[in-house]
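The structure under discussion appears below in the form of structure tokens.
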Amino acid sequence: MMLAIPGLLDAAALAQFGAALAAAEWQDGNATSGAQSALAKRNRQLAEGSPVARELGSLLLDALGRSPLFVAAALPHKVYPPLFNRYADGDGFGTHVDNAIRIQRGSDFRVRSDLSATLFLSDPASYDGGELVVEERFGEQRVKLAAGDLILYPASSLHHVLPVTRGTRLAAFFWVQSMVRDDGDRRTLFELDSAIQDLATATGQDDPVVLRLSGIYHNLLRRWADV
Ligand code: NI
């Protein structure tokens, strides 16, 4: 399932991220790549674990925790500490798949990548190219969102980033291990949850049918979740 989460960061947070990233030191993006994706990748990244990446990453994790849409859609169990990248001057990232398991360097923290996420940090009018292209079952999805918006997509998908031919594209990216591993099960839970919310808005939280459906939601989650 692909899902956009608009406005994860507000204007004040975006200004803070922009200032910190403008002053940051960038390194070759291939520092974090597997051998296969290094062949296709050309961009710059903040060093993993650098003070700026840690500070912004922690603000971003806080924002994720405050987003009911992110929590309902991802059912997050673990989130890999966010990384930050910069594409300019023709940089791009050819077609690749993300590694199934991400191990944080210097620790035993590991995340199974069920979902990949990109948080757009630059105004889309300020750069050309830079679309994230995800190969989905029903064809290619091209994604270029407003600054502060997040896209969630299956980490199992083939995807690439088109070359940036004008301006600079800043983004954060990370992986989520969901409590519900299967993409279809997770989507079913998300759709049921959304339908219950709509019904509750129409009839009230204490409507007996809302309560029964909420019980079914939690019983499905209990069957499918690993925590
Ligand atoms: Ni990728």
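Since this is a predicted model, take the numbers as computed values, not measurements. Basis for what follows: all heavy atoms, side chains included, without hydrogens, waters or symmetry-related copies. Both ligands and their constituent atoms are indexed starting at 1 by order of listing.
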>> So, at under 2.8 Å, which protein N, O or S atoms would a careful student list around the Ni ion (ligand 1)?
In response: His96 NE2, Asp98 OD1, His159 NE2
> Can a donor-acceptor pair be found between the side chains of Asp98 and Trp175 at a distance below 3.5 Å?
Replying inline: yes
> Side chains of Arg169 and Ser122: donor-acceptor distance under 3.5 Å anywhere?
Replying inline: no
> Does any N or O in the side chain of His96 come within less than 3.5 Å of the main-chain N or O of Gly94, such that one atom is a donor and the other an acceptor?
Replying inline: yes
> Arg54 side chain to Gly49 main-chain N or O, any donor-acceptor pair under 3.5 Å?
Replying inline: yes
> Is Arg42 salt-bridged to Asp91, cutoff N-O under 4.0 Å?
Replying inline: yes
> Between Asp108 and Arg110, is there a salt bridge with N-O shorter than 4.0 Å?
Replying inline: no
